[in-house]
Amino acid sequence: MGRMPELPEVETVRRELDPWLTRRTIVRARRADAPAGPKYAHLERADGQRIEAVTRRGKFLLLPLSGGDELVIHLGMTGIVSYTKPAGHLRVVVQLSGKRKSTLYFRDVRRFGRFLVLPRGDRGLLPSLRQMGPEPLSEAFDAASFHAALTSSSAIKTSLLSQRPVAGLGNIYIDEALWRARIHPLTPAKKISRNKAAQLRDVIVEVLLASIAAQGTTINDYRTVDGQVGAFVEQLDAYGHDGDPCSRCGRTISKIVVGARGTHFCPSCQRR
DNA sequence: CTCCCGTCCTGTGGGC
DNA sequence: TGCCCACAGGACGGGA
């Protein structure tokens, strides 16, 4: 257990979807084995619209459509997009124009994911997207503004989970970045010094780039679109390593609960 | 406004 | 061996 598509996994999926879906027309998009509701809203609006691009914002995939709408996909915990029909837990089916790979399937065992259509830029159903911080791999993610965004009194781990100081980080990469920057996960965000914030910014970029290069992290459910697994799991130093010796100092990695999330850190390298 | 906590969802794995 | 239940967590909504 314990895998979630975070920025590197979603970016890997985006790169695979882009050549497949861009310029294809959606013939028909419908819910399958899924309840009606905001997570699967307005799919029929996509019918007849062409997919103009496959973009990403944080952990959301955003597909602008030719009619002025936008297809929004969030993989949640267990969401998988494929062109082969899954065995079960099929939530959405999209018929595409053309003959090759012309059916898109969205499978999501736990239904934490979303697959919906909205007028482009309408964030009424997506408040986190509205308040999301800068993309970590963009120029906007600089040390000074990152430090300025760390205003919360809550733990840095919790603050980063909110997506507000920076977009796209989840449980795995937050633990990895805090380990690399030697910051205790319970440190109040606003107590992070300017220098530490700059260091944290740099290791966030490093760990995300390294994971993208490895096509993400596979622990259990995550697969790339063509079913491959991500190799970054081999480079994890903190997440899932509780009980193991710290690869830097040898002390045993601890696991605690922060914001209802399993949190892994080295009690020796990462002092409060 | 911020912060905190409950809720959703179901396969897996650890314990007995 | 087989059964049971705690566990995993991203985003969101509501209450303080």
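The figures that follow rest on heavy atoms only: side chains count, while hydrogens, waters and symmetry mates do not. Throughout, a chain's letter reflects where its sequence line sits, starting with A, and its residues are numbered from 1.
Considering every non-hydrogen atom in both Arg261(A) and Lys157(A), the closest pair reads CB-CE, 4.2 Å. Heavy atoms only, all atoms of each residue included: Ser247(A) and Asp237(A) are closest at OG-OD1, 2.9 Å.
Distance, Ile172(A) CD1 to dG10(C) P: 8 Å, rounded to whole Å. The distance from atom CZ of Arg130(A) to atom P of dC1(B) is 10 Å, rounded to the nearest whole Å. Atom-to-atom, NE2 of His264(A) to P of dG9(C) comes out at 7 Å; the value is rounded to the nearest Å. Atom CD1 of Ile256(A) and atom P of dC7(C) are 16 Å apart (whole Å). One interatomic measurement links the two molecules: NZ of Lys157(A) to P of dG10(C), which rounds to 8 Å at whole-angstrom precision. Between Leu161(A) atom CG and dA11(C) atom P there is a gap of 9 Å when expressed in whole angstrom units. The CG-P distance, from Leu129(A) to dA11(C), rounds to 10 Å in whole Å. Straight-line distance from the CG atom of Leu126(A) to the P atom of dG13(C): 10 Å, rounded to whole Å.
Among the heavy atoms of the strands lying under 4.0 Å from Arg164(A) are primed sugar atoms or P, OP1, OP2 only; no base atom is included. In this structure, Gly262(A) reaches the sugar-phosphate backbone alone: every heavy-atom distance under 4.0 Å involves primed, P, OP1 or OP2 atoms, never a base. Residue contacts for Lys190(A): at a heavy-atom cut-off of 4.0 Å it reaches no nucleic acid atom on any strand shown. Note on Ser153(A): only backbone sugar-phosphate atoms sit closer than 4.0 angstrom, heavy atoms only; bases stay farther off. Gln163(A) comes within 4.0 angstrom of sugar-phosphate atoms only, judged by non-hydrogen atoms across all strands, and of no base. Looking at heavy-atom distances under 4.0 Å, Leu125(A) makes contact with sugar-phosphate atoms alone, never a base.
Ring geometry, Trp20(A) versus Tyr83(A): the interplanar angle exceeds 60°, so the pair is classed perpendicular (tilted spans 30 to 60°). The aromatic rings of Phe232(A) and Tyr173(A) sit tilted, their planes meeting at an angle between 30° and 60°.
Arg110(A) contributes a side-chain N or O that forms a donor-acceptor pair with the base of dA8(C) under 3.5 Å.
Listed pair Lys39(A) / dA11(C) fails the phosphate criterion, with no side-chain N or O lying under 4.0 Å from OP1 or OP2. For the pair Arg114(A) and dC12(C), the criterion of a side-chain N or O lying under 4.0 Å from OP1 or OP2 is met. Arg111(A) has a side-chain polar atom (N or O) that falls below the 4.0 Å cut-off from OP1 or OP2 of dT10(B). In terms of phosphate contacts, Ser128(A) brings no side-chain nitrogen or oxygen within less than 4.0 Å of OP1 or OP2 of dA11(C). Contact annotation: Thr78(A) side-chain N/O to dT10(B) OP1/OP2 distance is not under 4.0 Å. The phosphate of dG9(C) has OP1 or OP2 within less than 4.0 Å of a side-chain N or O from Tyr239(A). Within the 4.0 Å cut-off from OP1 or OP2 of dT10(B), not a single side-chain nitrogen or oxygen of His89(A) is found. Look at Ser152(A) and you'll find a side-chain N or O under 4.0 angstrom from OP1 or OP2 of dC3(B).
A stacked arrangement is not assigned to Phe112(A) and the six-membered base ring of dA11(C), the conditions of a centre distance below 5.5 Å and an interplanar angle below 30° not being jointly met.
When distances are taken from the side chain of His74(A) to each of dG11(B), dG10(C), dC3(B), the shortest belongs to dG10(C).
Side-chain atoms of Arg50(A) do not come within 3.5 Å of backbone N or O of Arg24(A) as any donor-acceptor pair. Within the 3.5 Å criterion, the main-chain N or O of Ile183(A) finds a donor-acceptor partner in the side chain of Gln270(A).
Summary of the strand contacts: Arg261(A) and Ser154(A) both lie near DNA chain B, and taking for each the nucleotide with the nearest heavy atom, the more 5' one is attributed to Ser154(A).
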